[in-house]
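Working notes, structure below.
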Amino acid sequence: MAVYFDHRVETPNATASPSLISWHNLHALLAVGSVSTTSGGCVDVYGELGDHVSGSHIERSYQPTLLSWHPTKRLLAVGWPSGEVFILNEADKENHTIPSSHSAEVSLLEWSSSSRLISGDLNGLLVMWRLDQRGRVQGAPLLKLDYHKPLTHCLFKPLAPEEDMAQLAKAAVSGDEKALDMFNWKMKAAAQQEFSFFLSTGDGSIHWINEQAKSSQIIALDSPARRLLFLEKKSVLVVVTENLLLSQFFVSPEGEAEEISKVKLTGRIGKTTDIICVNNTLLITATGGKFWDLERDDHYVLFLDEQLGFEMEETINCISYCPVKAILAAGTNKGKVAMWSKVTDGQKSLRTEGKDGWKLSTPTELEGNIVQIQWGSSKNLLAVNNLSSVLVLSEHVMSSHFHQQVAAIQVAPSLLSLTYFSTGTRHSLKTDMYMKGVFVTKEIVAVWNGRMVTVYELSGPTLRNAGYAGITGISNDQRQYCERERSPGSVVCYTTI
């Protein structure tokens, strides 16, 4: 059985209110943008336990507008209302400012798979920069275009999966001319990926910038785009607009777009709503937990269950999906985190379709009104923002231990249930830490969290705190136990294989 530990970030500014959160894709680094009535705005980086990363604090007299991590490097791009773009090099503890280009608020920051950074502003200026390993700009801009309208979204055309390329190659060899053309186009696009992206503007236009860095308008909509998605297998661009119109366009190798479907979604127009895509087929919105299956042209809704601990008028504010765990997390207005797990059918892991394919778990209860939620890092951590604080949730398997006729079972992050079989007595032990391990004997109980170990001694009908000590270098796959020495209040930590 697993439980989620929540760690509140250790913010250096107690008066700041978090407004933006952004996980690194690989590293356990969480960037948080905040606004303060006393100092303006700031950006900080935190680790997986909510600990502040030294040298990562940035302050300005205004709040940040965008945060964007490099896909692999420990580089964070920050956009500001002044038009400034700032690069924080977390690895080398360096800060670099992009040469002044924007005279309006930065509304767009997007990295390519290589070290290319696109920045755009509300005046319509788009600039592409080449950066080195340390986040420093190399030379003049690679691209500079002015659309004279606010820039809203940028989507690099994803590279085709290796298996798709292999299938295209086989079809091309067998004489399929269409497959040959598609294979050549995908190979060319892969080689020039930094100049292959879609761009949306505030008037509802969608532009395509090709591998020759030539821009052309390919779609005109009545409302600005809220979300852009590209389905590689079908070469289909999915656009969800601010008035919740979902349109799908087939995009040819030459960059021409042909509309193939259009449907009106239900939801709250004008309200910012998370819209995510799962496995390039399932579109999910935070408005009422609505799902649209793009592959089967079907839709359904997931509901919160009062029998599991949710309230009658509780609503979903934000959502995030973890593909590794196949878990959809949602933050509610009552401070709870709902989690739906994707249901599989037996050992073959066959996907169950529709609403029956999701199983809702008991909520993780936090506090406040959760407005942002995001999975991130290779450790699959979950960040939650309730506007007064940010918490990092990490999954932990419940600890247990049996020794000398004593059984200990963790029933909550900081709660143990103890059974002494020799006497038939039971105890509940509330600790002052989130436990990652436990060891028991007939006389003592030792618990630890990776940083600290605390020993409790059975004294008559109660357990009393007998001492604690800091510990380092303990790995999760080792079994540790601590035994109190003869001198009061001191402990020795032993490691066993």
Side-chain angles (χ1 to χ4, degrees), residues 1-11 14-23 30 32-35 46 49-50 244 265-276 278 283-291 300-322 325-343 355 357-376 380-396 398 411-415 430 434:
M1 182 178 177
V3 65
Y4 279 88
F5 290 177
D6 58 277
H7 303 276
R8 192 181 304 271
V9 301
E10 302 170 355
T11 174
T15 64
S17 174
S19 58
L20 298 169
I21 57 174
S22 178
W23 276 113
L30 174 67
V32 177
S34 305
V35 58
Y46 302 90
L49 300 179
L244 297 182
L265 307 180
T266 56
R268 293 165 287 184
I269 296 177
K271 180 178 176 61
T272 301
T273 302
D274 287 341
I275 301 174
I276 60 176
V278 175
L283 193 70
I284 311 172
T285 70
T287 307
K290 293 182 174 63
F291 289 63
Y300 54 92
V301 179
L302 296 182
F303 296 97
L304 302 175
D305 191 344
E306 295 176 40
Q307 295 182 352
L308 291 176
F310 295 96
E311 300 179 34
M312 181 178 296
E313 298 181 354
E314 196 161 1
T315 59
I316 294 173
N317 290 336
C318 46
I319 55 175
S320 183
Y321 181 72
C322 177
K325 292 178 175 291
I327 293 178
L328 174 68
T332 76
N333 64 328
K334 301 294 184 179
K336 297 188 185 75
V337 176
M339 291 191 186
W340 285 270
S341 301
K342 199 72 180 75
V343 177
K355 63 188 301 183
W358 300 91
K359 181 180 179 181
L360 180 62
S361 304
T362 303
T364 298
E365 298 191 23
L366 301 175
E367 58 188 19
N369 179 27
I370 299 175
V371 297
Q372 288 177 301
I373 192 167
Q374 188 181 111
W375 291 100
N380 304 309
L381 303 169
L382 185 65
V384 175
N385 177 14
N386 62 12
L387 290 181
S388 61
S389 62
V390 174
L391 298 100
V392 177
L393 275 64
S394 59
E395 188 180 26
H396 173 67
M398 292 287 201
V411 295
S414 57
L415 185 63
K430 179 72 173 178
Y434 286 169

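Fair warning: this is a prediction, and the values are worked out from it, not measured in the lab.
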Trace of the side-chain contact (heavy atoms from CB on, under 4.5 Å) decision for N369 with N317: CA-CA 8 Å; N369 179 27; N317 290 336; 2.7 Å; yes
Run the side-chain contact (heavy atoms from CB on, under 4.5 Å) test on L328 and I276 for me, step by step, so that the C-alpha distance in whole Å, both residues' side-chain angles and the decisive distance to 0.1 Å come before the verdict. CA-CA 10 Å; L328 174 68; I276 60 176; 3.8 Å; yes
Evaluate side-chain contact (heavy atoms from CB on, under 4.5 Å) for H7 paired with Y46, printing each intermediate quantity in order. CA-CA 11 Å; H7 303 276; Y46 302 90; over 6 Å; no
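Annotation: side chain of I327 is in contact with side chain of W375 (closest heavy-atom distance under 4.5 Å). Between I370 and V337, the closest side-chain pair of non-hydrogen atoms falls below 4.5 Å. Between Y434 and D6, some side-chain heavy-atom pair lies under the 4.5 Å cut-off. Residues L302 and K355 meet the side-chain proximity criterion, which asks for heavy atoms closer than 4.5 Å. By the 4.5 Å heavy-atom criterion applied to side chains, V384 and T364 are not counted as neighbours.
Rounded to the nearest 0.5 angstrom, L382 CG and E395 CD are separated by 11.0 Å. For the atom pair CD1 of I275 and CD1 of I319, the computed distance is 8.5 Å after rounding to the nearest 0.5 Å. Remark: I21 CD1 to I373 CD1 distance equals 8.0 Å, nearest 0.5 Å. In this structure, CZ in F5 is found 4.0 Å from NE2 in H396, a value given to the nearest 0.5 Å. Between S320 atom OG and W23 atom CH2 the span is 11.0 Å, to the nearest 0.5 Å.
A cation-pi arrangement, defined by a distance under 6.0 Å to the six-membered ring centre and an angle within 45 degrees of its axis, is absent between K359 and W340.
Between the N333 side chain and the T315 main chain, a donor and an acceptor come within less than 3.5 Å of each other. In this structure, N385 contributes its side chain and Q372 its backbone to no donor-acceptor pair below 3.5 Å.
Scanning both residues, S34 and P18, for their nearest heavy atoms gives OG-CA, 3.7 Å. Of all the heavy atoms in A338 and L360, the pair that sits closest is CB-CD1, 4.1 Å.
The salt bridge (charged side-chain N to carboxylate O under 4.0 Å, His left out) pairs that include a residue from residues 306-321 are E311-K336, E314-K336, where partners are two or more places apart or lie in different chains.
A search for ring pair (Phe, Tyr, Trp, His ring centres under 6.0 Å) contacts involving F310 returns nothing, not counting sequence neighbours.
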Going by atom type alone, with no hydrogens or angles, which donor-acceptor pairs under 3.5 Å involve a side-chain atom of residues 387-394 and a protein atom two or more places apart or on another chain?
| unit_1 | atom_1 | unit_2 | atom_2 | d |
| --- | --- | --- | --- | --- |
| S388 | OG | N386 | OD1 | 2.9 |
| S389 | OG | R8 | NH1 | 2.7 |
| S389 | OG | N386 | OD1 | 3.3 |

